[in-house]
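Reckoned from all heavy atoms, side chains included, excluding hydrogens, waters and symmetry mates. Keep in mind that this is a model prediction, so the values were computed, not measured. Numbered from 1 within each chain, the chains take letters A, B, ... in sequence-line order.
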Amino acid sequence: MSEQKGQVEPTHPAESSLARVRPPRYDFATFEAKWRERWEREKLYQVDLYHARRPYYNLMMFPYPSAEGLHVGNMYSYVGSDIHGRWMAMQGYDVFEPMGFDAFGIHSENFAIQRGIHPRVLTARNVERFREQQLKRIGNRFDWSHEVHTTDPRYYRWTQWIFLQLFKNGLAERKTAPVNWCPKDKTVLADEQVIDGHCERCGTLVERRWLEQWFLKLTRYAQKLLDNLEWLDWSERVKMLQRNWIGRSEGLEFAIEIDGMPDVRVQVYTTRPDTIFGMTFVALAPLHPLIPQITTKTQLADVAAYQQTANRLHTGTEHTMTGVFTGAYALHPLTGERIPIWIADFVLESYGAGAVMGVPAHDERDMAFVKAMGLPVRTVIVQPGSAHPAEEPQEAFVQPGVLINSAGYSGMTSAQAAGALFTWFEECGKGHRVAKYRLRDWLISRQRYWGPPIPIIYCQEHGAVPVPEEQLPVLLPDVENWMPTGTGASPLAAIESFVHTTCPICGHAARRETDVSDNFLDSAWYFLRYFSHDDETQPWDPDLLRKWLPVDMYIGGAEHSVLHLMYARFLTRSLHDLGHLEFEEPFKRFRANGMITKDGAKISKSKGNIVNPDSYITRFGTDVFRVYLMFMGPYQAGGDFSDHGIGGVVRFLDRVWSLVTQHAQNASAQAPQGEERRVIHRLIKRVTEDLATLKYNTAVAALMGYLNSLETRSTLTREELRTLLMLLAPMAPYITEELWQKLKHPGQNHSIHATSWPSFDAEAIGAETLILPIQINGRVRGRIEVAHDTPEAEIKSQALQVPQVQSLLATQKVTRMIYVPERLVNIVTA
RNA sequence: GGGCGGUUGCUGAAAUUGGUAGACAGGGCGGACUUAGGAUCCGUUGGCGCAAGCCAUGAGAGUUCGAGUCUCUCACCGCCCACCA
């Protein structure tokens, strides 16, 4: 179809560029395969873990080998991390860059159910594809000799071992608690796996059930996890997410007496003690343990009925206020006034004390509740300066202010009153200042098949008994009946030979725990295992950990900011406190790469927008795709994937190829001089700084600009060509190696990846002349070029000689002249 | 509702951290080469204007000799959390 010239093409062509852009002219397929094989054969990426002199642990998040395959988002993350690793290696570090697979869990199991194939079979298939067809082709310097599999009994034996260490030290406990239950997956979920009241995996509306489950005591570490964020070198936004997730707040917890029940106290928590005189009701969570005790006879039926209906999970969008009166009255701790005690489903049993003082005048939820229930409102805080409250306030005034109607505290500011009340409560022993955390304990029980069995035995006499360590692993039975039973119990519960065992203490018949542990437990310690992946005698080698840990650089997606990263920190810290690890924190530095979206949406199978890197790699080569991904935009920002500009990178590497091959023979052996020398050092500085800060996009841009300048010249020096290749090597490992070999001296026999990163000469850069803009009243009128060390007076007089300035000054008078050193000259006129 | 981040040409984006806004690419337009290559090369490309020039970094104000960058107000967008007392 011949188009009229001048016709505008749509700016967003719907079809992929795959078919429209030509592949590189150089024979990437041959040499990429050649180097891949040679490097594997020569074990280029294997480090001597014991004898490495400058160990550098470059970690990336091992994948969950799904059926959909590795997508561009994964590759983006891995390539950016690998560039960092390659760069550190060129700086002389012994970089360890291992890889493994995280394949237990509901996601794999659900897919297996859908296909009717055993998850073990499917997992093996997916892992094979991930490793051989995908991960080995993205150009990363992976050391495959330390591959880790969480589903391998040699691995999960130690996952179970870790659980036992926590159990023996009181950090794992079985307790009855309201839990999130997914009716479709037929298992409980951690709070973190419930999104907007729905199951993270299958989207089903989650129910609330009261069950006995295994928890790891994450809350015991809330403050420690918070404190260490102070000094960790992590992306600031990830630290912020963790802080919010831990959710520390400080407030007053106090006991309220009940009228006519001298033995009963209700604990209440508030962050606003200054509003205490505005309390007009007390509200308990629907499942609060004191409800049976305090409910009066007349209210029993209503309360029981209410507890039935309120036994649901709130879903963010529902804000209807419901509640029921218990019949009991609390006594106000300061005034002795009788205050009705209600049950309300807006109160969460899992936060604070599970009970709140209701101050409708100064809390939006309390206000909504009294409006629904017809309870009174009492204003006790007003804006400073305003004498009287509105007669019948319709909205809560939630800001701090000045107290009124508050006995001896009236007239104080909120802050003063809070301080005074803290003191009062502490002195009379009725309450105290406490910090509360939003963080909850980590629920790890899963009533599923595809995970490590929790290594516990239940004995009639001895209760929950840990499986002796020498009997680990508790093998996941390889059976045909692995599908969910539909009863809510784990499929393991139906396997008689698994369930029936004997008590390790008394030898009597006993039952095994039939739940498996959460997938996040597997991935919370994998980085400790790479060094001893096949060691059957210990989880890790302390000598190697001393040498290599904590992780020097961890790069991965920000979506793991609160789950994986929090659990890994918790596990590391608790194992440290138990004497198993020498360091408190697992990851010295963490950087979150940006998320890659497709057409504005998160890449996921359910959205059907998975972009697979394989076809791009096949068509354009690994180097082109790596450079293209990094050139798209700032690495830590991510972006929307489109293959729009990939032709630009193809042309770039093609031109690198032809430039180097053309000049390989005749390039001068002399060092570049003058401006050429300055340019090359400026480039080295620029690229070095960009790599250090993960600004890969501008590093590529700088190299493109340099190539443009080299192409305009007829003779080049070897140093210029070599520098170009070295600076490009971390991003495009294959083409730079191939060209390096064409360029090298006879007898020089090492890989470009074993050369040392070029350093820049600050003096060479500093010697440049300055181009100073000349402004008049803020507007640039011209420029002058002066030597670096020209005195200020000389610069000023030169500035006045600029023709544009002269013509303007013909009509105006100079009142002031400002020279900003090395920046500009500014002239201000009357 | 809360927290964090963002908004720059047709598109992805740069901007030495307060100093010539749009580097480097993609796309467009004009041309050359030859001819038919999924090319390549040259020129041009923020807007308005023949020009000198003027106007432009979501909108509006402020600080400053000078603001994309700092301050305030507002409007959108994204992510995370969300009845957390």
Side-chain angles (χ1 to χ4, degrees), chain A residues 5-13 17-23 25 195-197 236-237 240-241 243-245 247 249 251 268-272 275 283 314-321 344-348 350-359 363-366 368-369 436-440 558-559 561-562 594-595 597 600 602 619 628 631-634 637-640 642-652 686 689 695 697-698 700-705 707-708 771-783 815-818 820 822-829:
Chain A
K5 285 200 169 179
Q7 191 152 349
V8 179
E9 277 201 358
T11 48
H12 289 289
S17 302
L18 252 178
R20 296 185 299 122
V21 178
R22 69 163 179 82
R25 297 187 198 288
I195 308 299
D196 256 355
E236 205 46 53
R237 68 182 218 265
M240 198 61 75
L241 286 170
R243 280 193 198 101
N244 291 343
W245 190 260
S249 74
V268 171
Y269 173 71
T270 180
T271 53
R272 290 293 303 277
T275 65
H314 301 288
T315 63
T317 47
E318 288 180 60
H319 284 272
T320 50
M321 284 287 177
D345 72 345
F346 79 89
V347 183
L348 305 174
S350 52
Y351 184 78
V356 299
M357 64 175 200
V359 183
D363 184 281
E364 283 170 17
R365 291 151 308 179
D366 295 350
F369 186 73
K436 294 283 182 188
Y437 303 88
R438 211 192 66 114
L439 194 70
R440 318 275 172 78
E559 68 272 19
S561 300
V562 287
M595 190 171 50
T597 56
K602 216 178 236 180
R619 183 165 179 84
Y628 179 64
F631 187 53
M632 276 187 351
D640 200 59
S642 124
D643 52 25
H644 231 70
I646 198 164
V649 174
V650 171
R651 278 188 281 275
F652 170 56
R686 177 75 197 266
E689 287 171 357
K695 291 179 181 166
N697 56 330
T698 50
V700 176
L703 289 166
M704 286 174 166
L707 178 71
N708 289 345
I771 295 175
L772 294 173
I774 311 300
Q775 284 185 355
I776 295 182
N777 297 333
R779 177 148 286 140
V780 176
R781 296 295 177 180
R783 262 159 275 146
T815 54
R816 186 151 53 128
M817 197 165 186
I818 300 159
V820 182
E822 318 245 320
R823 288 286 186 220
L824 57 37
V825 181
N826 187 279
I827 298 167
V828 185
T829 63

What is the base-pairing partner of [N], counting Watson-Crick and G-U wobble geometry with both distances under 3.5 Å?
N: B/U40; answer: B/A32
N: B/C65; answer: B/G19
N: B/G1; answer: B/C81
N: B/C54; answer: B/G47
N: B/U7; answer: B/A75

On a whole-Å scale, what distance lies between the [atom1] atoms belonging to [N] and [M]?
N: B/G18; M: B/U64; atom1: C1'; value: 9 Å
N: B/C54; M: B/A67; atom1: P; value: 15 Å
N: B/G22; M: B/G68; atom1: C1'; value: 11 Å
N: B/U69; M: B/U20; atom1: C1'; value: 16 Å
N: B/C72; M: B/G5; atom1: P; value: 13 Å
N: B/U71; M: B/U63; atom1: C1'; value: 7 Å
N: B/C29; M: B/C76; atom1: C1'; value: 33 Å
N: B/C4; M: B/C41; atom1: C1'; value: 49 Å

How would you label the contact of [X] with the nucleic acid (heavy atoms, under 4.0 Å): base, sugar-phosphate, or nothing?
X: A/N708; result: sugar-phosphate
X: A/P23; result: base
X: A/F652; result: nothing
X: A/R651; result: sugar-phosphate

If you apply the rule side-chain contact (heavy atoms from CB on, under 4.5 Å), what do you find for A/R651 with A/M704, and how did you get there?
CA-CA 10 Å; A/R651 278 188 281 275; A/M704 286 174 166; over 6 Å; no
Interatomic distance where [atom1] belongs to [X] and [atom2] belongs to [N] [whole Å]:
X: A/E559; N: B/C81; atom1: CD; atom2: C1'; value: 16 Å
X: A/E689; N: B/A15; atom1: CD; atom2: P; value: 12 Å
X: A/L703; N: B/A25; atom1: CG; atom2: C1'; value: 13 Å
X: A/F346; N: B/A82; atom1: CZ; atom2: P; value: 18 Å
X: A/L241; N: B/C81; atom1: CG; atom2: C1'; value: 9 Å

Would you say the side-chain atoms of A/D643 pair up with the backbone N or O of A/I646, donor to acceptor, closer than 3.5 Å?
no
Which listed nucleotide ([options]) is nearest to the side chain of [X]?
X: A/T698; options: B/A85, B/U40, B/A15; result: B/A15
X: A/R25; options: B/A14, B/A39, B/A25; result: B/A39
X: A/H644; options: B/A25, B/C83, B/G26; result: B/G26
X: A/M240; options: B/G3, B/C81, B/U40; result: B/G3
X: A/F631; options: B/A85, B/G3, B/C24; result: B/C24
X: A/R438; options: B/C81, B/C83, B/G26; result: B/C81
X: A/R237; options: B/G12, B/A85, B/C4; result: B/C4

For A/G247 and for A/V649, locate the closest nucleotide of RNA chain B by heavy-atom distance; then report the residue assigned to the nucleotide nearer the 5' terminus.
A/V649
Nearest-nucleotide 5' precedence on RNA chain B, A/V356 against A/P634
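Mapping each residue to its closest nucleotide by heavy atoms, the 5'-most match is A/P634.
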My understanding is that only residues two or more places apart in sequence, or in another chain, count here; which of them pass salt bridge (Lys or Arg N to Asp or Glu O under 4.0 Å) with A/R25?
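With sequence neighbours excluded, A/R25 shows a salt bridge (Lys or Arg N to Asp or Glu O under 4.0 Å) to no residue whatsoever.
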Determine, step by step, whether A/T698 and A/R686 satisfy the side-chain contact (heavy atoms from CB on, under 4.5 Å) criterion, reporting the C-alpha distance in whole Å, the side-chain angles of both residues, the deciding distance to 0.1 Å, and the verdict.
CA-CA 9 Å; A/T698 50; A/R686 177 75 197 266; 3.3 Å; yes
Taking the inter-plane angle between the rings of A/F346 and A/F369 on a 0 to 90° scale, is it parallel (under 30°), tilted (30 to 60°) or perpendicular (over 60°)?
tilted
With respect to the phosphate group of B/A14, does any side-chain polar atom (N or O) of A/N697 fall under 4.0 Å of OP1 or OP2?
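It does, given that an N or O in the side chain of A/N697 lies less than 4.0 Å from OP1 or OP2 of B/A14.
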Presence of A/K695 side-chain N/O under 4.0 Å of B/C24 phosphate oxygens OP1/OP2
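For B/C24, neither OP1 nor OP2 has a side-chain N or O of A/K695 closer than 4.0 Å.
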Nearest 0.5 Å, please: how far is CE in A/M357 from OG1 in A/T275?
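Going from the OG1 atom of A/T275 to the CE atom of A/M357 covers 3.5 Å.
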Syn or anti conformation of B/U7, syn meaning chi within 90° of 0
anti
Glycosidic conformation of B/G31, taking syn as within 90° of 0 and anti otherwise:
anti
Minimal heavy-atom distance between A/V650 and A/V21, with the atoms involved, is CG2-CG1, 4.4 Å
